[in-house]
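These numbers come from a predicted model, not from an experiment. A note on names: the letters A, B, ... follow the listed sequences, proteins ahead of strands, and every chain is numbered from 1.
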Number of protein chains: 2
Amino acid sequence: MNTVIGSTATRVMDVAEALIQQRGYDGFSFDDVARAVGIRKPSVHHHFRTKADLVATLARRYTERFESSLAAIDTARRDPMARLEAYVLLFATTYAKDGRLCVCGMLGAEAAALPAQVADGVADFFRLNLDWLTAAFRDAQQSGRVTTTQGAEALAQLLLSALEGAMIVGRGGRSSVGPAAVGNHLLVCLSKQGR
Amino acid sequence: MNTVIGSTATRVMDVAEALIQQRGYDGFSFDDVARAVGIRKPSVHHHFRTKADLVATLARRYTERFESSLAAIDTARRDPMARLEAYVLLFATTYAKDGRLCVCGMLGAEAAALPAQVADGVADFFRLNLDWLTAAFRDAQQSGRVTTTQGAEALAQLLLSALEGAMIVGRGGRSSVGPAAVGNHLLVCLSKQGR
DNA sequence: GTCTATATACCGATAGAC
DNA sequence: GTCTATCGGTATATAGAC
């Protein structure tokens, strides 16, 4: 009996995900994953034929989990601003765990050097987020909680960019400021009260 | 007589800089640089003993050039909003050239896996930018062009994060939206007119 | 499903000739 | 300043035994 939770394939994805968030696609190897999981390198290949397979699968899982979180926010919150604040919290929670970056933020930076199937998965993540945020900002504007004349699509791009960028600036600048502070400051600026 | 402009060391840095902006620190090799410059791998080592030396030197040059650009903006523009718009243009110009990322944005994402001397250079870049932006936003607030109640330091973090993030979201999401659009939208939201 | 062993290629870096 | 040759290490990936 093994006390480690989850199948080997799941544990491989968990470890690879954390390594990508800290070091990027080119910054980790199958051997790194194998050591952390407690198996040998060829055993990793048994579960994922290539590195591209592993990361593409892992990116899809990441996006699906995000999709679930967005659905949960829609269910739990009615107020548009509360939904946007909950969205910021998704990024803040990731970053709070050892300064981990968004998986697709890290991969997005490396997109020009990624296998096509991985880059496709990254694009899907951003599309999902922008669509959800656009709807959320449209609601916020219609309810009068956000009064800028900017379009909802532009506000979605702005918030997503600010959150992804805050992780990188926070890490690179060794700052205590992260996506939580940056995201909430932006929401205050956009809301009626911030003026 | 050689028609290529600049010393070999300069050309090595130019090529390495472009490779970092497209692929990141772990995404290029001395051999890649050598081929592009038209020399052999050991000749690159003659100019820069290690990869860390090369990238740290290149990052310093990048920051110094940015510092010159900021000084030029201060000289050419008096209006605080015009200065901020010119700042956005610095990122937009970089991104407009084949979708290149900010050197220190890319390296910032990889910071956890970088040699110390490189990570130090990245932190210097962000510190320089945040200091300049903080002063610019303070001026903009004192002149009444920016009326949010948020502190200038927070607004500096917000704009820098939005610009760095816009490059990554634009690249990863294969979007036509980049730092120019995102940065200018933010400035409109923060300015008196945008309300 | 995991292992040992291995193929093949590339990495950063160095020695030493020209 | 550039080269050929090479070192030692590691990368992704596969073959085949258990």
Next item on the list: For R40(B), look at atom CZ and say whether over 12 heavy atoms of other residues, nucleotides or ligands are found less than 6.0 Å away.
Entry: no
Is [Y] paired with [X] through a side-chain N to carboxylate O contact shorter than 4.0 Å?
| X | Y | answer |
| --- | --- | --- |
| R61(B) | E17(B) | yes |
| R145(B) | D79(B) | yes |
| R77(B) | E85(B) | no |
| D120(B) | R60(B) | no |

Below 3.5 Å is the cut-off: list the nitrogen or oxygen pairs between protein and nucleotides 3-7 of chain D, distance only.
residue: dC3(D); atom: OP2; partner: R40(B); partner atom: N; Å: 2.6
residue: dC3(D); atom: OP2; partner: S43(B); partner atom: OG; Å: 2.9
residue: dT4(D); atom: OP2; partner: R40(B); partner atom: NE; Å: 3.4

Notebook entry, point to check: Which of residues 21-33 of chain A sit near DNA chain C, with a heavy atom under 4.0 Å from it?
Noted result: none
Next item on the list: Check each residue of residues 45-61 of chain A for a non-hydrogen atom within less than 4.0 Å of any atom in DNA chain C, then write out the ones that pass by number, or none.
Entry: H46(A), H47(A)
Check: Is a side-chain N or O of R171(B) found less than 3.5 angstrom from the main chain of A109(A), in a donor-acceptor match?
Finding: yes
Item checked: Donor-acceptor under 3.5 Å (S161(B) side chain, Q157(B) main chain) -> yes
Notebook entry, point to check: dG1(C) phosphate, OP1 or OP2: any side-chain N/O from T8(A) under 4.0 angstrom?
Noted result: no
Next item on the list: Enter the distance from N129(A):CG to L70(A):CG here, rounded to the nearest 0.5 Å.
Entry: 6.0 Å
Check: What distance do H45(B) atom NE2 and T50(B) atom OG1 have between them, rounded to the nearest 0.5 Å?
Finding: 8.5 Å
Margin query: Between P on dG1(D) and CZ on R11(B), what's the gap in Å once rounded to a whole number?
Written below: 12 Å
Note to self: Any donor-acceptor pair under 3.5 Å linking the side-chain atoms of D26(A) with those of Y25(B)?
What the structure shows: no
